[in-house]
Enquirer: 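Okay, handing you the structure first.
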There are 2 protein chains.
Amino acid sequence: MKKRLPDPEESATDAAARAAWLYYVGGLTQDQIATELGVSRQRAQRLVSKAMAEGLIHVRLEHRIAGCLALEAELKRRYDLKTVRVAPRLGEGADPTHAIAPVAASVMERFLRQPEPQTIALGTGRALRAMVEELPKINCEQHKLVSLIGNISPDGTASNYDVIMRAADKLNARHYPMPLPVLLDDPEIRRSFYALPQLKIVALLAAEADVTFVGVGQMSESAPLYVDGFISADDLREERALGAVGEIASWCFDSQGRFLESRLSRRVGGLRPGGREGAHTIGIAAGPEKVTPLRAALKGRLLNGLVTSEQTAEALLS
Amino acid sequence: MKKRLPDPEESATDAAARAAWLYYVGGLTQDQIATELGVSRQRAQRLVSKAMAEGLIHVRLEHRIAGCLALEAELKRRYDLKTVRVAPRLGEGADPTHAIAPVAASVMERFLRQPEPQTIALGTGRALRAMVEELPKINCEQHKLVSLIGNISPDGTASNYDVIMRAADKLNARHYPMPLPVLLDDPEIRRSFYALPQLKIVALLAAEADVTFVGVGQMSESAPLYVDGFISADDLREERALGAVGEIASWCFDSQGRFLESRLSRRVGGLRPGGREGAHTIGIAAGPEKVTPLRAALKGRLLNGLVTSEQTAEALLS
DNA sequence: CCAGAGTATGAGCGAATGCTCACTCATGTG
DNA sequence: CACATGAGTGAGCATTCGCTCATACTCTGG
């Protein structure tokens, strides 16, 4: 008595997409959708929210809010940046990462839409992960995605914030992950890893990247590197004693935006953000705890592009 | 006691955009938005719906529904088309133009995203108008928009469905409208119009267009040309007697998709859709009354691309 | 300065929404 | 074969939304 459903998973998403289309584009009420699809109202509601949850629905605001534009202009001038986008505030308690994600995605999309092959380097972190989540599906087989940082957690599993796989999945682009732990304690092993031909390719690509997207981590007690278990409390203390106020792709820098040479920096399994001459290096970060590291990174010209939130932009300028 | 508001118009849209951002991206309730912006709930509601009405919010579905994909593939094969998009059905009573508009816009966007200068020719009609309405703002100064058809109504006003101005406005592209009535009754006047140098430029551009977007009109009693008062009942009868089943940019064709030479065709103030060798000619049309003209146009290879609705696609294939 | 018209604002209310809870049914396990 | 488990389903209900109406306010012309 089976009728259709070659793949129950697929057809569920299909129905969800259909319901969402009727809801958002058609403007039908959920009752009408239920009638249309021949299901109960509750099911229609669930389909719509499923479509939402699966990110099938992308909402875009076609208007640059004046207040944010002013902040962008001022940031651009003050820090001599090439690219700046400021996302409007999303209420007090809201997660700023959530606010900047769609804006960051639209910045990345501009590069992805180029028909000329682009090499796009990616760091990691919550902000980048959220950005990639907001990307639409585009066919980008002409581009290359390259990871700046190892994707192996200390416990041996692939890192949760491994953005490059997700991105490559959505974009159908060639991708070059770093088959490397985030930190390599033994310098000998580190050297031998770096000697791998695959790694050399990745390093070469990253050095010639047209654009690099990175998160920016604070080095306070809430340092993501520490909270996520990549570095120990001792490591953190040591770096802070050396003046570290932030990190980009695990490379710590001080309040002047100078990368630190330290015990930790000699263990990092990854590449410094760089790229070819004139390339874009865009930081994606927002939140009060990011103000100090962002200010340092901008001062040291570690970044020439920025996507942040309205509050963070104000703080950076104050 | 004035505080800000340099331009009340601007700041209203700004507030609307902010409210819409909070609503759609932040997922706040309208009460929360009201608190956030310091206005009443009703005002928040009005801001959100204003943002909607002004088209600040664009919703996109990131999923190609399986059933529609199948229809696209079949249409592509059957009529040997280059581009086909089928929009999912939007309930029985819904306006099919509304359903296809966002899909058509995304097709057009693909061309607009090209950095190489494109020449894009546009017809008129409700479907094209709706498509343009759904376009996002993109800076396309490298492209040229050229109109295939005059924009002057019989009553002397600029036509309501003048899509090219709207499009150019959104895209910041150079545009070449046809400063010409839709129909020119006096052949002498027509000749002298065509001799105008401006018109020659437009004709040249249209003939070299990379892509042409046109609506497809039926020639039944509900013919848009007739309903909108461009042609008389006598004209309509005469064309139908000659076998006309549809029209593209006012050029009538028969059931085999052959353009008719007729009294009417000698009065048309416009250009035939054409374009350079290998160009795209994409028809945007949906609805039961479009099935006959679409089938004819496809048979006669007047189009090599199509954006239509699920129902229309099914009808075309049955 | 006043009068009138058109527009923005806030209250109220019915409809729509989404969340929770109890239930069913299919699947897998002892 | 009985039973546990868990995903999916439908009903009820509190919340939220969007529409209408009465009112206040502003702008313009006399």
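Naming convention: chains lettered A, B, ... in sequence-line order (proteins, then strands); numbering from 1 in each chain. In this text, all values refer to a predicted model and were calculated from it rather than measured experimentally.
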Enquirer: I want to check one thing: is the phosphate of C:dT17, taken as OP1 and OP2, less than 4.0 Å away from some side-chain N or O of A:T29?
Expert: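 Checking C:dT17 against A:T29, a side-chain N or O does come within under 4.0 Å of OP1 or OP2.
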Enquirer: OP1 or OP2 of C:dG10 versus the side-chain N and O atoms of B:S40: is any pair under 4.0 Å?
Expert: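 The answer is yes; a side-chain N or O of B:S40 sits under 4.0 Å from OP1 or OP2.
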Enquirer: In whole Å, I'd like the distance from the CG atom of B:L28 to the P atom of D:dT15.
Expert: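 Distance check: B:L28 CG to D:dT15 P gives 18 Å.
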Enquirer: Does this structure show an ion pair linking B:R60 with B:E134, if we count only N-O contacts that are shorter than 4.0 Å?
Expert: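 The answer is no: the pair does not qualify as a salt bridge.
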Enquirer: How would you label the contact of A:R41 with the nucleic acid (heavy atoms, under 4.0 Å): base, sugar-phosphate, or nothing?
Expert: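 Base contact.
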Enquirer: Let me know the distance between CD of A:Q32 and P of C:dA15, rounded to the nearest Å.
Expert: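 Rounded to the whole Å, the gap is 14 Å.
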Enquirer: Let me know the distance between CD of A:Q42 and C1' of D:dG8, rounded to the nearest Å.
Expert: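 After rounding, the gap between these two atoms is 12 Å.
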Enquirer: Between A:R43 (CZ) and C:dC23 (P), how many Å, whole number?
Expert: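 Those two atoms, CZ and P, are 22 Å apart.
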Enquirer: What are the two closest non-hydrogen atoms of A:T312 and A:G287, and how far apart are they?
Expert: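 Closest approach of A:T312 to A:G287, heavy atoms only: OG1-N, 2.9 Å.
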Enquirer: Grab the CD1-P distance between A:I33 and C:dT17 for me, whole Å please.
Expert: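 My rounded result for the distance is 7 Å.
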Enquirer: Using 4.0 Å as the upper bound for N to carboxylate O, is an ion pair formed by A:E314 and A:R89?
Expert: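 The answer is yes: the pair qualifies as a salt bridge.
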Enquirer: Think B:Q30 has a side-chain N or O under 4.0 angstrom from the OP1 or OP2 of D:dG18?
Expert: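 Answer yes for this pair, as a side-chain N or O of B:Q30 is under 4.0 Å from OP1 or OP2.
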Enquirer: Among the nucleotides D:dG18, D:dT16, D:dA11, which one has an atom lying closest to any side-chain atom of B:Q45?
Expert: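 My answer, after comparing the listed nucleotides, is D:dG18.
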Enquirer: Under 3.5 Å, is there a donor-acceptor pair between the A:S222 and A:Q218 side chains?
Expert: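 A:S222 vs A:Q218: donor-acceptor pair found between side chains.
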Enquirer: Whole angstroms only, please: what is the CE-P distance between B:M52 and D:dG18?
Expert: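 After rounding, the gap between these two atoms is 9 Å.
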Enquirer: Write down the distance between CG (B:D31) and P (D:dA14), rounded to a whole number of angstrom.
Expert: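 Rounding to the nearest Å, CG of B:D31 and P of D:dA14 are 18 Å apart.
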Enquirer: Would you indicate which nucleotide in C:dT20, C:dT9, D:dC17 comes nearest to any side-chain atom of A:R46?
Expert: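 My answer, after comparing the listed nucleotides, is C:dT20.
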Enquirer: Atom NZ of B:K50 to atom P of C:dT7: distance rounded to whole Å?
Expert: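 To the nearest whole Å, that distance equals 13 Å.
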Enquirer: For B:D228, is there an ion pair with B:R126 - N to carboxylate O distance below 4.0 angstrom?
Expert: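 Salt bridge flag = yes for B:D228 with B:R126.
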Enquirer: Does C:dA16 have OP1 or OP2 under 4.0 Å away from a side-chain N or O of A:Y23?
Expert: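 Negative; the distance criterion is not met.
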